[in-house]
Amino acid sequence: MKTDLSWVLNDVLEVRGARHAVLVSGDGLLLQRSDDISRDDAETNAAAMSSMQSLSRAVAGFVGAGHGIWKQTLLEYDGGWIFLIAAGQGSYLAVSAAVDVDMEAVSFRMQKTVTALNKAMSVAPRSDNGVG
């Protein structure tokens, strides 16, 4: 059974100008999408975001020796922005936004969303180790 985490992704869209959010696996599979994007569009963008994070990691050393750890990719287009960050082990969060979005607010909300996702996907250890 797949857990519906769209409520967590929809939270990032509370920032005025934020449009869509997708949670992506490292190999390009769509893990979750916000309510406002179709499954087909979300799957297409998930594959692209996986490639984008891979490319961003590959060129991280361009920043300089010892400073090449990838944190975030920000893409600018005529119609807006795409933000891409790590969302845990082997997953990434991508958010699209309008040109006039408060970039700091989106980045902050994305970090908050990643924290919420990590909590929602974690499983507490059993105290009885399954015995009894």
Check the hydrophobic clustering (I, L, V, M, F, W, Y; side-chain heavy atoms under 4.5 Å; chains of links allowed) and say if [X] and [Y] are grouped together.
X: M103; Y: I85; result: yes
X: L75; Y: V59; result: no
X: L29; Y: M49; result: no
X: V15; Y: F108; result: no
X: V99; Y: L13; result: no

For [X] versus [Y], what's the shortest heavy-atom pair and its separation?
X: A86; Y: V114; answer: O-CG2, 3.7 Å
X: A18; Y: V12; answer: CB-O, 3.8 Å
X: L84; Y: W70; answer: O-CZ2, 3.6 Å
X: A97; Y: R19; answer: O-NH1, 3.7 Å

[X] side chain to [Y] main-chain N or O, any donor-acceptor pair under 3.5 Å?
X: S56; Y: M52; answer: yes
X: S96; Y: H20; answer: yes
X: N45; Y: D41; answer: yes
X: S34; Y: L9; answer: no
X: R109; Y: D11; answer: yes
X: S54; Y: S50; answer: no

With rounding to the nearest 0.5 Å, note down the distance linking CG in D36 to CG in N10. 7.0 Å

Between OG1 of T113 and CD of E14, what distance do you get to the nearest 0.5 Å?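 Between T113 OG1 and E14 CD, I get 10.0 Å after rounding to 0.5 Å.
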
Is any side-chain heavy atom of V101 less than 4.5 Å from a side-chain heavy atom of W81? yes

Can you check side-chain contact (heavy atoms from CB on, under 4.5 Å) on V22 and L30, steps first, answer last? CA-CA 7 Å; V22 292; L30 175 66; 4.1 Å; yes

Audit row: T115, Q111, side-chain contact (heavy atoms from CB on, under 4.5 Å) steps and yes/no: CA-CA 6 Å; T115 300; Q111 292 299 327; 5.7 Å; no

Salt-bridge test for D100 and R16: reply yes if a basic N is under 4.0 Å from a carboxylate O, no otherwise.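 A salt bridge links D100 with R16.
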
Less than 3.5 Å apart, any donor N or O on the side chain of D40 or S38 sitting next to an acceptor on the other? no

